[in-house]
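We name chains A, B, ... by the order of the sequence lines, and we start the count at 1 in each one.
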Number of protein chains: 4
Amino acid sequence: MKLKNKKQLILEAAFEVFSNKNYANARVEEIAEKAGVGKGTIYEYFQSKAHLFLEMHKWQMEEYLARMEKGLSREASPSENIYMLIKNHTLFTKKFNNIAGRLVDEVGFNTEFNKEHRQVMLNTYKRLLSRVKEILDTGILMGEFRHMDSQLVADVLFGTMGGISHAMILSGNKQDVEEVSRTITDLLLNGMLNKRSM
Amino acid sequence: MKLKNKKQLILEAAFEVFSNKNYANARVEEIAEKAGVGKGTIYEYFQSKAHLFLEMHKWQMEEYLARMEKGLSREASPSENIYMLIKNHTLFTKKFNNIAGRLVDEVGFNTEFNKEHRQVMLNTYKRLLSRVKEILDTGILMGEFRHMDSQLVADVLFGTMGGISHAMILSGNKQDVEEVSRTITDLLLNGMLNKRSM
Amino acid sequence: MKLKNKKQLILEAAFEVFSNKNYANARVEEIAEKAGVGKGTIYEYFQSKAHLFLEMHKWQMEEYLARMEKGLSREASPSENIYMLIKNHTLFTKKFNNIAGRLVDEVGFNTEFNKEHRQVMLNTYKRLLSRVKEILDTGILMGEFRHMDSQLVADVLFGTMGGISHAMILSGNKQDVEEVSRTITDLLLNGMLNKRSM
Amino acid sequence: MKLKNKKQLILEAAFEVFSNKNYANARVEEIAEKAGVGKGTIYEYFQSKAHLFLEMHKWQMEEYLARMEKGLSREASPSENIYMLIKNHTLFTKKFNNIAGRLVDEVGFNTEFNKEHRQVMLNTYKRLLSRVKEILDTGILMGEFRHMDSQLVADVLFGTMGGISHAMILSGNKQDVEEVSRTITDLLLNGMLNKRSM
DNA sequence: GATGAATGAGAGTTCATTCAT
DNA sequence: AATGAATGAACTCTCATTCAT
């Protein structure tokens, strides 16, 4: 089981380094150092820097997905699930410098990643999105949410979460996760309009 | 009779190249070629690649700001202004591959850009945010929007717009701007909850 | 007479810049700025940077030669002339960062200067040397100096003067010219040996 | 079984190239070629071209110092030691195009070399000088040399040796080392004056 | 004649990748 | 399997020189 350990070690080191630098600025040697292995060893487990990035990315998306699932439950109300979604995302973002969000652009705009790479990544995103859509659809079905284009709203919800990341990075990461999550959930659920004025 | 200022020509070429590649992958020579000038000429107008990027970025932020202002008016209702905001952002994003969003990460995570650079960028963002906050505050004051932490909501609104960009890129940029903007505005204004069920 | 003035202006600026940097580090633009002319103007008067250097060098050698002649006289004793030689050289060196010495190496080892250039320079040096040799020969003829290979001694004397420059630069240029010159002259005239012990 | 340490190989190549060109004209790639290594390899062993130059310089100064010590002995008379000094220096100079002398200027006037670099170099020179001064002081103590400012004379002697280099280079390096050394030693020991005329 | 904007050859340097050990 | 010394392609940037004005 040593082999699996070493590969995992490299993936973790890669994640750490790619989180703090962007793809181009991250040096393979730094990843090797952080993983405690030789530079050449990385090429035993990964074809190239791009492949390492890609595998790390896939792994992180799984991690992220698992994290998002945490706290979600069929018993909880869709609204509560939405809150958990936002909270978990915000926690994840805060912890890892919004790596998830940044990775999208990285893969999307770096010519080193070919079509195939991009497809792999897109598929992972689609899985994420379909999970969000599922929650929305459940809410609609239960009558808790009004009728809406759940696909588009899932996109937006997902996007909003990404946006929170930007906001948090820009504001210097100083905000309280619970409070931010509450406010955002409230906003998304109830909207901005003053109901009494209607 | 120069048709165009050469500095502007370079900025535009830089924008084009940086939009399609990321900072590290963009080659100075390619920018020069696209601008129709010699490699050295770029260094006549900009100290370094990083400075070129920064100036291009500042210019684009102004452009973006101007674009966002378009269609906003004191006479229009705050809700209509929110719609315009979202629509304009979506248009801009669609047109320019979400460069604005990506630039944030670029500057935020690239060690080549020092504190001073980041400050410059942050200031532009703050101007944008304060404009959004102004619209929100007007809405609150007019009683159209309910009472809320307008600062945080501005962050989120701004973030959401950024998020839309991601969504559009992921979905391959095929969506209709008007429709997307309508749906999102509606979502933000009225929320997701089914009012009748309350 | 304006033309001559401008050429001279450039030569003087070149001298100043080449004195403080070496050939490669001296920028043509800096010379132009110091001369108060445009960069292109330099190329009106000189074929290339190398030619500018060369002409500046020739001019400085003349200047140096003239400086060395100053104070020399047929009436003065050869010993006094030797003293003047050393003193003038030391003064010149101190004033101009040993540019004369450095120029030798510059021209001697820089492949940008071809054979012809080197010959021009060598000729100037030979004139200098023959002047020193003349003084020595006069001293020998007058019986003040003992019989010796005046050609070689001229080389050495000239070399010694160059060496003083190095010493002065290394020691930070703090020494008193009069005193140094006296000591050296005394050394060269009387030698190091203790005569009484013989 | 490496025949030679690779770092040493590079240093030797650097020495050869820097001896024939000056710092600015010497290309790193040429050094690499001469060393039989790739361009990148040089940067495995040295931080930069400037650092390579500096280390090469330090190494050469040690080499020079060792060369100078050769043939010197406590048993030999100070005069003989002076002769050895001059002869060894002349040999070294002749062999290596007066690189020692030229390096002084290189380091002294090239802004790429900072204060710290210069200090390192100065210290090596001071060691050289103190060795020369020691010989002089011994001679004075033994009564063979007359009383004199040994510090200044060491400077001059050292300078003279540097000067010989110039002379040899100018004269095309054709002179006989033994003869030149004899003449110079004689000049320094006995002076130029005709004793009988006093 | 005088200029300086424009140029591009050529330099130093980095770093993903290879391969002998 | 694991390594890291060695590599060279590819990059940014400088600056002598040109030439349209």
Note, Lys7(D) side chain near Glu55(D) side chain (heavy atom, < 4.5 Å)
yes
N or O in side chain of Lys6(B) less than 4.0 angstrom from dA6(E) OP1/OP2:
yes
Start at the 5' end of DNA chain E and walk down; is the nucleotide closest to Tyr23(D) or to Val37(B) reached first?
Val37(B)
Indicate the atoms forming the closest heavy-atom contact of Ile31(D) with Ala13(D), along with that distance.
O-CB, 3.5 Å
Starting from C1' on dC15(E), measure out to CG on Asn25(A) and report it in whole angstrom.
12 Å
Please compare Thr41(D) and Val28(C) by the position of their nearest nucleotide in DNA chain F and report the one closer to 5'.
Thr41(D)
Rounded distance in Å - CD1 (Ile31(C)) to C1' (dC15(F))
12 Å
Nearest-Å distance for atom pair CG/C1', residues Leu52(A) and dC15(E):
15 Å
For the pair made of CD in Glu30(B) and P in dC11(F), what is the distance, rounded to whole Å?
10 Å
Which heavy atom in Leu9(D) sits nearest to a heavy atom in Ala35(D), and how many Å separate them?
CD2-O, 3.6 Å
Distance in angstrom units between His51(A) NE2 and dA16(E) P, rounded
16 Å
Polar atom pairs (N or O), protein with nucleotides 18-21 of chain E, under 3.5 Å:
none

Within a strict 4.5 Å, meaning less than it, do heavy atoms of the Gln8(D) and Leu11(D) side chains meet?
yes
For Ala32(B), answer base if it contacts any base atom (sugar-phosphate contacts may also be present), sugar-phosphate if it contacts only those atoms, and nothing otherwise; contact means non-hydrogen atoms under 4.0 Å.
nothing
Mind checking if Ala24(B) touches a base, just sugar-phosphate, or nothing, with heavy atoms under 4.0 Å?
nothing
Taking only N and O in the side chain of Tyr45(D), is any of them less than 4.0 Å away from OP1 or OP2 of dA6(F)?
yes
Rounded distance in Å - CD (Glu33(D)) to P (dG12(E)):
12 Å
Ring-face cation contact, Tyr23(B) with Lys49(B), 6.0 Å cut, 45° max
yes
Base-pair string, DNA chain F, Watson-Crick plus G-U, cut-off 3.5 Å on both distances, | for inter-strand, is .||||||||||||||||||||
Side-chain heavy atoms of Glu30(D) within contact of Lys21(D), under 4.5 Å:
yes
Nearest whole Å is fine: how far is dC11(F) P from Asn22(B) CG?
13 Å
What is the distance, to the nearest angstrom, from the CD atom on Glu29(D) to the P atom on dA10(F)?
14 Å
Side-chain contact test, heavy atoms from C-beta onward, threshold under 4.5 Å: evaluate it for Val28(B) versus Tyr43(B) and give yes or no.
yes
Output yes when a side-chain donor or acceptor of Asn22(D) lies under 3.5 Å from a complementary backbone atom of Phe18(D), and no otherwise.
no
Between Thr41(C) (side chain only) and Val37(C) (backbone N and O only), is there a donor and an acceptor less than 3.5 Å apart?
no
Of all the choices, dA16(E), dT3(E), dG12(E), which nucleotide is nearest to the side chain of Lys49(D) once you look at every atom?
dG12(E)
Please examine the side chains of Gln60(C) and Glu63(C), heavy atoms only from C-beta on, and report whether any two atoms are closer than 4.5 Å.
yes
Within the 4.0 Å heavy-atom criterion, would you say Ala26(B) contacts the bases, only the backbone, or no part of the nucleic acid?
sugar-phosphate
